[in-house]
Number of protein chains: 2
Amino acid sequence: MKKLNIKEFSSIIGVSTATVSRAFNASGRINEKTRRYIIEKAGELGYHANIHARNLSSPRSNIAGLFYPLLAGEQPDYFINEIQQGVQSALMDSGILLQVHPFPARADAELTLETYRTYVLSGGLGAMIIVAGSAESVELVKVAREAEVPYVVIGHMSGETRYTVSFDNGQGARLAGKFFVRTGRRFPAYIGGHLDKRKKLGFLEGLGEISDKLTIHSGGDAFIHGANAFRELRANRPETDCVLCANDVLAAGFIKAAQESGATIPEDIAVIGFDDLSFARYLTPALSSVSLKLNHIGLSAARQILKLLDGNDITPEFVECELIFRDSA
Amino acid sequence: MKKLNIKEFSSIIGVSTATVSRAFNASGRINEKTRRYIIEKAGELGYHANIHARNLSSPRSNIAGLFYPLLAGEQPDYFINEIQQGVQSALMDSGILLQVHPFPARADAELTLETYRTYVLSGGLGAMIIVAGSAESVELVKVAREAEVPYVVIGHMSGETRYTVSFDNGQGARLAGKFFVRTGRRFPAYIGGHLDKRKKLGFLEGLGEISDKLTIHSGGDAFIHGANAFRELRANRPETDCVLCANDVLAAGFIKAAQESGATIPEDIAVIGFDDLSFARYLTPALSSVSLKLNHIGLSAARQILKLLDGNDITPEFVECELIFRDSA
DNA sequence: TATATTTGCGTAATCGGTTACGCAAATATA
DNA sequence: TATATTTGCGTAACCGATTACGCAAATATA
């Protein structure tokens, strides 16, 4: 079945193209009966307004892009996943579609970034949600500004304070540190992938008096690195009695290795993870973790976008980290 | 800075619009020097061809949509996440963008579906990847056909054999059943959310001689339901010595409850999960699971799409389930 | 009833590209 | 050198919608 365009369709049902167009758009005056008739006929004959033509003549794009830095390694990225799901639920009934735009770190980034740049600047997106965390994120914000596309950034980004849903890793880490001193721990360790300064600093602050005892271990961000960290710690600094891991996957690896070696958690070593991904509670012992409320953050960011698209103003939002207590600390 | 359109841009740099257009498109004859000159100038002046106009005059869409049924409950959907990540890596350097289209089950589905329908039929998408598993998926395939958009479906869908990347849950479950009889288990149970016939049937087949002893428990698909299942089983059928769970989250819940009650796994009860999500190995004991190779499936599906978009033919692909042995069985 | 206002719709310009067609210049062939 | 072919580019007709403008009919106001 050949596809109808507006000219054919309108002439078949005996009205003008303008009227057909008005039937499908809120704008313009049209008799309610005519509108219903046209909509009905469109259903019968299978007429669907070409979306590109619409976008061309009256610029709009109901597509929002979610941009985020790709994790190194092949592990599935639960972090982003939880944000994405939050974003999606907020967008669900808004008529806004979601496009996902991962970008790799450094090496290939330039190419990918350039692709996105062109895409956005040529009008492909109506809104952008940018997850901070790499140099590329900053570039993307520039692109958003240049293209005059409404955007919000998730997380910390220097220089950007206007459109954000932010959280403070440092504050979260501080919570963990304080908890450790409060529960009488003496020899803390921090297991971090590619070092996140805020986390480390916050942790140090929270650790207060015992902060001079801190050991830092950094390898990668994956399960295996958590396990390695445990083994090295065991070998080089057996007195360690509490650790903060930069993410939950790392914590899972750490716990696993600890169990294999016979260490008990939290008695011998208390461990706290970061992000509070939903599998944290599946672990044994169930993992205590600094919750970033990722789902909530995603939701908020998307709602902000929705407001911007409605022409409303928004105020930056700050989401406080919360320490979720389970069994590992 | 006002945005340039092709007419302005071309007249500023002293060529015709046709030449500018040719510079950016593979089609058409153009002197290599002219092309380079134009591209350079475009960079300087910040000219970006309007994407809607391009799509209008020469129909193409470099957007692929990933459609999938939404999980009941608010849990993050790791299943889809792993597929999505596979899809993304395959699409990464292809220039094809990915849009995600979750659709809720039943209740609100009609509205959402209608939105997607209109969107696709009006030319919004260049390709569709449809995850089977609900009545809506079938509808979406119809939409794809009607809109003449290349598509591939992931999973089983009756009537659709041409464009698929499929797997057989039944085959996977059979593996689990066989393993249980081989290892001398006698009283099997199946923990399933909304019952998946194939899984149950396959499990029964694999169970062979001990299949008449099978108990079936079905509640929901979440962690809590797995835990509940354990408790009920313990109360009503304490002799149970092996279970297959319809997914890994369920299995995680089951294991957790088992540990709390003091039962040991796998000695007292062997448990096998389904999907082999990446957190399976984080659990204690590490969860044995029927792997669907979701990441691989996503990759394949996307590659099929790429082939179709290149005008090549594809042959349906079948991905065999594999039982991944870890510590829980 | 005469005039002013509103409503409903059609005509045609416009959005910003792509590309068929044709022509002149450059190159190849005889 | 004369002719045939190829190359490079410009002109203008599309692609399929939206919407400013204007007119006639319907309704409101005097």
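Here is the naming used below: chain letters follow the sequence lines, and residue numbers restart at 1 for every chain.
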Using atom types as modelled and distance alone, determine if a side-chain donor or acceptor of Glu8(A) lies under 3.5 Å from a backbone N or O of Asn5(A). yes

Taking for each residue the nucleotide of DNA chain D bearing the nearest heavy atom, is the 5' side occupied by Val20(A) or by Glu32(B)? Glu32(B)

Classify Thr17(B) by what it touches in the nucleic acid, base, sugar-phosphate, or nothing, heavy-atom distance under 4.0 Å. base

On DNA chain C, more 5' by nearest nucleotide between Arg60(B) and Arg29(B) is Arg60(B)

With heavy atoms under 4.0 Å as the rule, sort Ala18(B) into base, sugar-phosphate or nothing. base

Range-with-range stems of DNA chain C (Watson-Crick or G-U pairs under 3.5 Å, three or more in a row): C:1-30 with D:1-30

Base, sugar-phosphate, or nothing: which does Ser21(B) touch, judged by heavy atoms less than 4.0 Å apart? base

Which two nucleotides bound the region of DNA chain D that has atoms under 4.0 Å from heavy atoms of chain B, read 5' to 3'? dT7(D) to dG16(D)

Between atom CZ in Phe24(B) and atom P in dT19(C), what is the gap in whole Å? 15 Å

Counting only side-chain N and O atoms of Arg54(A), is one of them less than 4.0 Å from OP1 or OP2 of dC15(C)? no

Donor-acceptor pair, Asn55(A) side chain versus Ile51(A) backbone, under 3.5 Å? yes

So, do Tyr116(B) and Phe67(B) have ring centers that fall under 6.0 Å from each other? yes

Between Arg117(B) and Glu146(B), is the closest basic N to carboxylate O distance under 4.0 Å? yes

Thr115(B) side-chain N/O to Leu111(B) backbone N/O, donor-acceptor pair under 3.5 Å: yes

Nearest-nucleotide 5' precedence on DNA chain C, Leu56(B) against Arg22(B): Leu56(B)

Can you check whether Tyr78(B) and Tyr78(A) have ring centres sitting under 6.0 Å from each other? yes

Roughly, in whole Å, what's the span from CD1 in Ile6(B) to P in dT19(C)? 11 Å

Look only at the side chain of Ser94(B) and the backbone of Leu91(B), and say whether a donor-acceptor pair between them is shorter than 3.5 Å. yes

Would you call the rings of Tyr163(A) and Tyr151(A) parallel, tilted or perpendicular, taking 30° and 60° as the class edges? perpendicular

For Asn25(A), report the nucleic acid contact type (base, sugar-phosphate, nothing); a contact means any heavy atom under 4.0 Å. sugar-phosphate

Would you mind checking if Asp313(B) and Arg162(B) are paired as a salt bridge, meaning a charged N to carboxylate O distance below 4.0 Å? yes

Rounded off to whole Å, could you give me the NZ-to-C1' distance for the Lys7(A) and dT11(C) pair? 12 Å

